[in-house]
Undergrad: 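Just passing along the structure, written as C-alpha cells.
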Amino acid sequence: MDIATAHAQPKTRVALTINGHRHDLEIHPWVTLLDLLRGPMQLNGTKKGCDHGQCGACTVLIDGERINSCLKLAVTLDGTNVTTIEGLGTPDEMHPVQKAFVEHDAYQCGYCTPGQICSAVALLREGYARSREEIREMMSGNLCRCGAYTNIADAIQDVMEQEVKVGMREAAE
C-alpha cells in the first residue's frame with residue numbers, strides 16, 4: 001500500500017484527555033500513542049528511542065500507570081487520561097520528581113529524562129519500592145545511555161523519603 005492509499009483509509013474517532021485537556025480526534029487505527037503525541041499533538045517531550053518498548057524513553061502515564069507509548073495504539077485508549085512530561089509541571093512549578101531530578105543532577109544528555117520522570121512518578125504512586133535496590137529494579141525498564149542511574153535513584157529516593165516524612169507529619173497532626 002502506498003502512502004496516498006494509506007492516508008485515504010478510514011479513520012477512527014477517539015477521545016483522549018491529554019495533560020488535562022480533552023481532545024476529540026480522528027486518527028488512523030495504526031497510529032501509536034507516541035506518534036500521535038509527537039505528531040499532531042506537538043508534545044515533543046516524550047521521546048522516540050527504540051520504538052520497540054525496550055528503552056522507556058517514550059514512557060507516559062495512562063490513567064496514572066506508566067506505559068511505553070510506542071507500543072500502544074492510540075485507538076485503544078479511547079476515554080483515558082494521558083499525562084506526558086509536559087503535563088507534570090512547569091519550569092516555575094515543577095513536580096517534586098522533576099525538582100529532585102534537577103537537584104540531584106539526574107540527567108546528562110536529557111534524552112531519557114522525560115520517560116525516567118514519568119516512570120518515577122508512577123513508581124512512587126504504586127508504593128511498592130521501599131529501598132534503593134527496589135527503586136533500581138523497578139526503574140530497570142528505563143535505560144539511560146549516559147549512565148546517570150545513581151543520580152536517578154538518588155532523586156527518586158529523595159522524593160520517596162520526603163513523602164514518608166510528610167505522611168508521618170500528617171499522621172501526627
Undergrad: Using side-chain heavy atoms (C-beta onward) and a distance below 4.5 Å, is E126 in contact with R66?
TA: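 In contact.
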
Undergrad: Looking at H104, is its backbone amide N or carbonyl O close enough to the side chain of N151 to form a donor-acceptor pair, meaning the two atoms are under 3.5 Å apart?
TA: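 Yes.
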
Undergrad: Once the angle between the rings of W30 and H28 is folded into 0 to 90°, is it parallel (under 30°), tilted (30 to 60°) or perpendicular (over 60°)?
TA: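 It falls in the parallel class, under 30°.
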
Undergrad: Taking the side chain as every heavy atom from C-beta outward, state whether L77 and I62 have any atom pair closer than 4.5 Å.
TA: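 Sidechains of I62 and L77: in contact.
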
Undergrad: Does the side chain of T84 come under 3.5 Å of the side chain of N19 through a donor N or O and an acceptor N or O?
TA: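 Yes.
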
Undergrad: A quick test of your reading: do over 12 heavy atoms of other residues, nucleotides or ligands sit less than 6.0 Å from CZ of R132?
TA: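 Yes, CZ of R132 has more than 12 neighbouring heavy atoms, counting only those of other groups under 6.0 Å.
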
Undergrad: Counting N and O atoms only, with roles assigned by atom type, does the side chain of Q98 sit under 3.5 Å from a partner on the main chain of M94, one being a donor and the other an acceptor?
TA: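 Between the backbone of M94 and the side chain of Q98 there is no qualifying donor-acceptor contact (under 3.5 Å).
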
Undergrad: Assess, by modelled atom type and distance only, whether the side chains of T17 and R22 contain a donor and an acceptor separated by less than 3.5 Å.
TA: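 On atom types as modelled, these side chains do not qualify, holding no pair under 3.5 Å.
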
Undergrad: May I have the list of side-chain donor-acceptor pairs in residues 33-41 shorter than 3.5 Å, sequence neighbours left out?
TA:
{"residue": "D35", "atom": "OD1", "partner": "K48", "partner atom": "NZ", "Å": "2.8"}
{"residue": "D35", "atom": "OD2", "partner": "T32", "partner atom": "OG1", "Å": "3.3"}
{"residue": "R38", "atom": "NH1", "partner": "N44", "partner atom": "O", "Å": "2.9"}
{"residue": "R38", "atom": "NH1", "partner": "T46", "partner atom": "O", "Å": "2.8"}

Undergrad: Taking transitive links into account, so neighbours of neighbours count too, which hydrophobic residues share a cluster with L143 at under 4.5 Å side-chain distance?
TA: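 When side chains under 4.5 Å apart are linked, the cluster holding L143 also contains Y149.
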
Undergrad: For the pair D78 (side chain) and A15 (backbone), establish whether a donor and an acceptor sit closer than 3.5 Å, ignoring hydrogens and angles.
TA: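 Yes, because the side chain of D78 sits within donor-acceptor range (under 3.5 Å) of the backbone of A15.
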
Undergrad: Surrounding CD of E26 (heavy atoms of other residues, nucleotides or ligands, distance under 6.0 Å), is the total greater than 12?
TA: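 Check passes, neighbour count above 12.
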
Undergrad: Can you hop from Y111 to I152 via hydrophobic side chains spaced under 4.5 Å?
TA: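 No; I152 is not reachable from Y111 via cluster members.
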
Undergrad: State, with a plain yes or no, whether a side-chain heavy atom of R136 is found less than 4.5 Å away from one of T150.
TA: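 In short, these two side chains touch, coming nearer than 4.5 Å.
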
Undergrad: Under 3.5 Å, is there a donor-acceptor pair between the side chain of D63 and the main chain of N81?
TA: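 Looks like yes, one N/O pair under 3.5 Å.
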
Undergrad: For residues 49-59, which side-chain donor-acceptor pairs fall under 3.5 Å, sequence neighbours excluded?
TA:
{"residue": "T59", "atom": "OG1", "partner": "G56", "partner atom": "O", "Å": "2.7"}
{"residue": "T59", "atom": "OG1", "partner": "N68", "partner atom": "OD1", "Å": "3.4"}
{"residue": "T59", "atom": "OG1", "partner": "N142", "partner atom": "ND2", "Å": "3.3"}

